[in-house]
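The model shown is predicted, which means the values in this text are computed figures rather than measured ones.
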Amino acid sequence: MGFQFEEELAIRYRGFVILPQTKNRWLVRPERSPMSLLPFRTCKCSLSEVKALVDLRINQNSGESQAA
């Protein structure tokens, strides 16, 4: 009997770590604290779509910071 471990793949993108999950889903976490954006999971999508989501959330967050 043995255990099979999937190779861990972590992608760094614009201050975030993108981790693959099962069924083409992704977990996105900030690399450092304090967190300006909370971690989130995506629905089934490609890596380029995840990067676009990160860009969108960064842009939305920076717009809110400037308005305050």
**Item:** Heavy-atom donor-acceptor pair, W26 side chain to C45 backbone, under 3.5 Å
**Value:** yes
**Message:** Quick one, L47 with Y13, criterion side chain to side chain contact (heavy atoms under 4.5 Å, CB included). Give me CA distance, side-chain angles, the key distance, then yes/no.
**Reply:** CA-CA 11 Å; L47 180 58; Y13 180 72; over 6 Å; no
**Prompt:** So how far is it from E31 CD to I18 CD1, rounded to the nearest 0.5 Å?
**Reply:** 10.0 Å
**Message:** Does any part of the side chain of S36, heavy atoms only, come nearer than 4.5 Å to the side chain of P30, both counted from C-beta?
**Reply:** no
**Asked** Looking at side-chain heavy atoms only, is the closest gap between L53 and T42 below 4.5 Å?
**Response** yes
**Message:** Counting only heavy atoms not in R12 (residues, nucleotides, ligands), do more than 12 fall under 6.0 Å from its CZ?
**Reply:** no
**Message:** To the closest 0.5 Å, what do you measure between CE (M35) and CZ (R29)?
**Reply:** 10.5 Å
**Request:** Go through the steps to decide whether R41 and Q21 satisfy the test side chain to side chain contact (heavy atoms under 4.5 Å, CB included), and finish with yes or no.
**Result:** CA-CA 9 Å; R41 293 184 192 274; Q21 304 287 291; 2.8 Å; yes
**Message:** I need the I11 CD1 to L19 CG distance, nearest 0.5 Å.
**Reply:** 8.0 Å
**Request:** For side chain to side chain contact (heavy atoms under 4.5 Å, CB included), just list the numbers for V17 and V28, CA-CA rounded to whole Å, side-chain angles, deciding distance to a tenth of an Å, and then say yes or no.
**Result:** CA-CA 6 Å; V17 177; V28 182; over 6 Å; no
**Message:** I need the T22 OG1 to K44 NZ distance, nearest 0.5 Å.
**Reply:** 11.0 Å
**Message:** Any non-hydrogen side-chain atom of L56 less than 4.5 Å from a side-chain atom of I58?
**Reply:** no
**Prompt:** Is R57 positioned over the aromatic face of F40, cation under 6.0 angstrom from the ring centre and no more than 45 degrees off axis?
**Reply:** yes
